*Asks:* 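I am attaching a structure below and will ask some questions about it afterwards.
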Number of protein chains: 2
Amino acid sequence: MDMGNRKRLILQAIIEDYINHAEPVGSRTISKKYLTGTSPATIRNEMSDLEDMGYIEQPHTSAGRVPSDKGYRLYVDKIMKQNTIDEAQREMIRRKFVDSLGEIDRLVKHVSKLLSQMTQYTSIVMAPQFRRTSVKQVQFIRIDKAAVLAVIVTDAGILKNIILRLRQDVTQDTLIRISNMLNDKLSGLGIEDIESIDLHDMLNDSMGHGEIIEQVVSELIQTLLYSDTTEVYRDGVSNILNLPEYSDINKARSFLNIMEERELLFKVLNDVRGDVNVSIGSENKLEQFKECSLITATYKVNDKTIGSVGIIGPTRMEYSKAIAIVECMTKNLSEILTSILRR
Amino acid sequence: MDMGNRKRLILQAIIEDYINHAEPVGSRTISKKYLTGTSPATIRNEMSDLEDMGYIEQPHTSAGRVPSDKGYRLYVDKIMKQNTIDEAQREMIRRKFVDSLGEIDRLVKHVSKLLSQMTQYTSIVMAPQFRRTSVKQVQFIRIDKAAVLAVIVTDAGILKNIILRLRQDVTQDTLIRISNMLNDKLSGLGIEDIESIDLHDMLNDSMGHGEIIEQVVSELIQTLLYSDTTEVYRDGVSNILNLPEYSDINKARSFLNIMEERELLFKVLNDVRGDVNVSIGSENKLEQFKECSLITATYKVNDKTIGSVGIIGPTRMEYSKAIAIVECMTKNLSEILTSILRR
DNA sequence: AATTAGCACTCAATACAATAGAGTGCTAAC
DNA sequence: GTTAGCACTCTATTGTATTGAGTGCTAATT
């Protein structure tokens, strides 16, 4: 069947009305509010076609139509006009960003809050992931006779620290020598590469500190590789309760449960590729998101992707606005991070 | 009016039944389930007295009775028997703790999760607050020509790092000298004391690095003093939706809103004094908690209070169990932290 | 051939009344 | 002091109309 221009307009009307009011849209409404020149009957015929084509659905016989996932998809890909958020808003975002200079984690948390506030949906944000970068240097600070703080500076300038518990005392001096040696061996390596390092080689150079080095390296690997310490922040979880689709307490509960599963959110964010991404309802791989839409985007430092953010909302999301906001936000975040961490 | 023993038993029955079923308790129920030797009529008379005395209330004429805040308070103070959680559970807690050795923040987060899982309420936990301790040493690591990482080790062994952006380059060597000097001046001082330090004094010793020192110290003060970076973790927020008192979506929403206000939670946790603490409904200072009960407790390192945890639930909370769990948890947390951070 | 008006039909939501059930307070008996 | 009995109150539930939005189909119109 052919997708005439009028069908397109009607689909758009249905989607945009449904986005705003969360209620099935009937032919009369469309005739009155959107296509004033066309009678309800005509619209009904077109709607019937649209339903056959799978773009809209009827919750029950005597209700209006609601968009299907396929309908939203078409809308996002072809119909929706780019929502360019206005300069005032853009400026607002920029200013807010500069305000929160300081610690990177705080910046990221701030982004999460901003995202949820501006979209009125739930936001999730992953802190910069430095596994994707490579090690630049490792430094040690002796805290006391049983504990050493290891500080890792990476490619992207992001750092992380790990407390190492040692079985034997070491002087700050020894630590400096160890770190010099480690820097020799490790610097430039991707963090994944560290795993495959030949420890023996290193132990030969160990100047009698074999045990310490072994412990340090293995703890390093452990921490870096296996403990996913990358923080995931969320904000605006309660926004979801403002939506009529979550007035059912059970749905609300299951949504909240999802939002408390850090692992899950991490997985979602970690799989994000490309720039801005939209997954609608059933397009989501994860069962738990089959009734939501997700807008995700990545952010970068020096053009290297190191993290991602996302917006979670109902399938009747204000795609155009949400996409624009997410886009602007990650662009700014990337810029700021890059400038903060410039080497 | 006198509080006879039977009245006490009836009050206990009402409270415990209401805790379990969240529904007004009638005289017949009590007669059948709790005081099998006594007839409903007698119990009704006693209940009438208890109501006059303000320990119980009637939602409406033909409903059973529910405990008032005053009733819960009496229950917690006088009636409730200490719930000694059994050895298995205690052991479980201990084991779980040891599992999550490693980073302190992760440990704390873990405590939050454990608390909510074991109580089935919402937990809030404040990360160790090192403002309450004093500085032990300050170390610097040069990251690149414009950035230095300052690591602060405190009394309790807890550390924190701050990235300082400098206007001029410094060598690692210079940094070591600066840190030696700073350690001289600062070590042993309470973090609040740092503010009142005589900068001039320091600048005289500055060996030509006045500008850097000035910047370092002022940044230090700024970060330490004014930015409340103490994390607040929460867990089990969605548990609240399992409770019938939150089946009203509006109540649920307002609860969630509270739980997203980090500042508020921080304030609550920050005001906790003493060991274990119970505030019931209207006893809470904050308007937002007038319909909840809060069980809070502090944890320590080397007998120095450095943080607190809390459980938020409905007034019909399982006080006895919750108190026992919170108590056990903070005790273990204190022990583990103290042993981890032993100097 | 496309559009529109008209009409019968469907179905959810709402309102309303009737009923059942839980619980109380009071009185009188034990 | 305790208990049984009874009238009374109030909520929750269930069943029954009623309303109204919306559709699909058919026939008339352009």
Side-chain angles (χ1 to χ4, degrees), chain A residues 1-11 13-15 17-18 20-68 71 244-245 247-248, chain B residues 1-11 13-15 17-18 20-68 244-245 247-249:
Chain A
M1 191 174 318
D2 192 40
M3 183 74 171
N5 192 46
R6 189 167 60 191
K7 280 198 180 50
R8 199 182 306 270
L9 284 173
I10 289 174
L11 181 55
I14 291 174
I15 292 182
D17 199 82
Y18 189 65
N20 286 321
H21 304 105
E23 240 141 71
V25 188
S27 53
R28 237 177 72 104
T29 313
I30 297 180
S31 162
K32 265 189 173 166
K33 279 175 46 184
Y34 301 91
L35 300 183
T36 35
T38 318
S39 85
T42 313
I43 291 172
R44 276 204 288 285
N45 289 330
E46 300 279 41
M47 281 163 88
S48 180
D49 292 348
L50 283 170
E51 184 163 10
D52 290 343
M53 294 155 85
Y55 293 119
I56 56 181
E57 293 166 348
Q58 219 174 355
H60 57 83
T61 345
S62 75
R65 305 302 214 289
V66 300
S68 69
E245 33 272 88
S247 64
D248 175 17
Chain B
M1 192 174 320
D2 193 37
M3 183 75 170
N5 191 45
R6 189 166 60 192
K7 280 198 180 51
R8 197 181 307 268
L9 284 172
I10 290 172
L11 180 56
I14 292 174
I15 291 181
D17 199 82
Y18 189 66
N20 287 321
H21 305 106
E23 239 140 71
V25 189
S27 53
R28 236 176 73 102
T29 314
I30 296 180
S31 162
K32 265 187 172 168
K33 280 174 46 184
Y34 300 92
L35 300 183
T36 36
T38 318
S39 84
T42 312
I43 292 172
R44 276 205 288 284
N45 288 330
E46 301 279 41
M47 281 164 87
S48 180
D49 292 349
L50 283 169
E51 184 163 8
D52 289 344
M53 293 156 85
Y55 293 118
I56 55 181
E57 293 167 348
Q58 220 173 354
H60 56 85
T61 344
S62 75
R65 305 301 214 289
V66 300
S68 67
E245 32 273 87
S247 63
D248 175 16
I249 204 80

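Residue numbers begin at 1 in each chain, while the letters A, B, ... track the order of the sequences. Source: prediction; values computed, not measured.
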*Asks:* Between A/G26 and A/M47, what is the shortest heavy-atom contact and its length?
*Replies:*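 Nearest pair, atom of A/G26 first, then A/M47: C-CE, 4.3 Å.
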
*Asks:* Which heavy atom in A/S31 sits nearest to a heavy atom in A/P40, and how many Å separate them?
*Replies:*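 For A/S31 and A/P40, the tightest heavy-atom pair comes out as OG-CD, 3.6 Å.
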
*Asks:* Please give, in whole Å, the distance from D/dG22 P to A/I14 CD1?
*Replies:*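 Rounded to the whole Å, the gap is 12 Å.
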
*Asks:* Looking only at heavy atoms, which two atoms of A/D17 and A/Y34 are closest? And how far apart?
*Replies:*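 Taking A/D17 first and A/Y34 second, the nearest heavy atoms are OD1-OH, 2.6 Å.
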
*Asks:* Using whole Å, what does the distance between atom P of nucleotide D/dT2 and atom CD1 of B/I43 come to?
*Replies:*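 Rounded to whole Å, this separation is 11 Å.
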
*Asks:* Could you check B/N45, B/L11, B/I43 and say which one makes a side-chain contact (heavy atoms from CB on, under 4.5 Å) with B/L50?
*Replies:*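 Output: one option passes, namely B/L11.
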
*Asks:* Between the protein and nucleotides 6-11 of chain D, are there any N/O to N/O pairs under 3.5 Å, and if so, what are the atom names and distances?
*Replies:*
from: D/dC10; atom 1: O4'; to: B/S62; atom 2: OG; distance (Å): 3.4
from: D/dC10; atom 1: O2; to: B/S62; atom 2: OG; distance (Å): 2.9

*Asks:* Using a heavy-atom distance cut-off of less than 4.0 Å, which residues of residues 21-28 of chain B contact DNA chain D?
*Replies:*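 Per residue number, the list is empty: none.
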
*Asks:* Might you list the N or O atoms of the protein lying below 3.5 Å from N or O atoms in nucleotides 13-15 of chain D, with each pair's distance?
*Replies:*
none

*Asks:* State the CD-CD distance between A/E51 and A/Q58, to the nearest 0.5 angstrom.
*Replies:*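 A/E51 atom CD to A/Q58 atom CD measures 5.0 Å (nearest 0.5 Å).
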
*Asks:* Would you say A/P24 and A/V66 make side-chain contact, with heavy atoms under 4.5 Å?
*Replies:*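 Side-chain contact under 4.5 Å: yes.
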
*Asks:* Atom CZ of B/R65 and atom P of C/dG23: how far apart are they, to the nearest Å?
*Replies:*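 Taking atom P of C/dG23 as the reference, CZ of B/R65 is at 11 Å.
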
*Asks:* Would you please name every residue forming a salt bridge (Lys or Arg N to Asp or Glu O under 4.0 Å) with A/E245, sequence neighbours left out?
*Replies:*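 Residues passing salt bridge (Lys or Arg N to Asp or Glu O under 4.0 Å) with A/E245: A/R316.
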
*Asks:* Roughly how many Å is it from CG in A/D49 to C1' in D/dG24, rounded to a whole number?
*Replies:*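 Going from CG in A/D49 over to C1' in D/dG24 covers 13 Å.
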
*Asks:* Give the minimum heavy-atom separation between A/I30 and A/A13, together with the two atoms involved.
*Replies:*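 Between these two residues, the closest heavy atoms are CG2-CB, 4.2 Å.
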
*Asks:* Can you check the A/Y18 OH to D/dG22 P distance for me, whole Å?
*Replies:*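 Value for this atom pair: 14 Å.
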
*Asks:* Any side-chain heavy-atom pair from A/R44 and A/S48 closer than 4.5 angstrom?
*Replies:*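 No, side chains not in contact.
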
*Asks:* For B/K32, which residues count as a side chain to side chain contact (heavy atoms under 4.5 Å, CB included) partner, sequence neighbours excluded?
*Replies:*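 Result, side chain to side chain contact (heavy atoms under 4.5 Å, CB included) vs B/K32: B/R28.
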
*Asks:* What is the distance, rounded to the nearest whole Å, between atom CG of B/D17 and atom P of C/dG23?
*Replies:*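 Going from B/D17 (CG) to C/dG23 (P), I get 10 Å.
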
*Asks:* Starting at CD1 of B/I10 and ending at P of C/dG23, how long is that distance when rounded to a whole Å?
*Replies:*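 The answer, rounded to whole Å, is 15 Å.
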
*Asks:* If we only count heavy atoms from C-beta on, is the B/H60 to B/S62 side-chain gap below 4.5 Å?
*Replies:*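 Side chain of B/H60 against side chain of B/S62, heavy atoms only: contact under 4.5 Å found.
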
*Asks:* Nearest-Å distance, CD (A/Q58) to P (D/dG22)?
*Replies:*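 Going from A/Q58 (CD) to D/dG22 (P), I get 11 Å.
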
*Asks:* When you compare the protein's N or O atoms with those of nucleotides 2-4 of chain C, which come within less than 3.5 Å of each other, and at what distance?
*Replies:*
from: C/dT3; atom 1: OP1; to: A/R6; atom 2: NH1; distance (Å): 3.2
from: C/dT3; atom 1: OP1; to: A/R6; atom 2: NH2; distance (Å): 3.4
from: C/dT3; atom 1: OP2; to: A/R6; atom 2: NH2; distance (Å): 2.8
from: C/dT4; atom 1: OP2; to: A/S39; atom 2: N; distance (Å): 3.3
from: C/dT4; atom 1: OP2; to: A/T42; atom 2: OG1; distance (Å): 2.5

*Asks:* Can you name the one residue among B/L9, B/I10, B/T38 that meets side-chain contact (heavy atoms from CB on, under 4.5 Å) with B/E46?
*Replies:*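 Answer to the side-chain contact (heavy atoms from CB on, under 4.5 Å) test with B/E46 among B/L9, B/I10, B/T38: B/I10.
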
*Asks:* Give the C-alpha distance, both sets of side-chain angles, the deciding distance and a yes or no for side-chain contact (heavy atoms from CB on, under 4.5 Å) between B/Y55 and B/M3.
*Replies:* CA-CA 11 Å; B/Y55 293 118; B/M3 183 75 170; 4.2 Å; yes

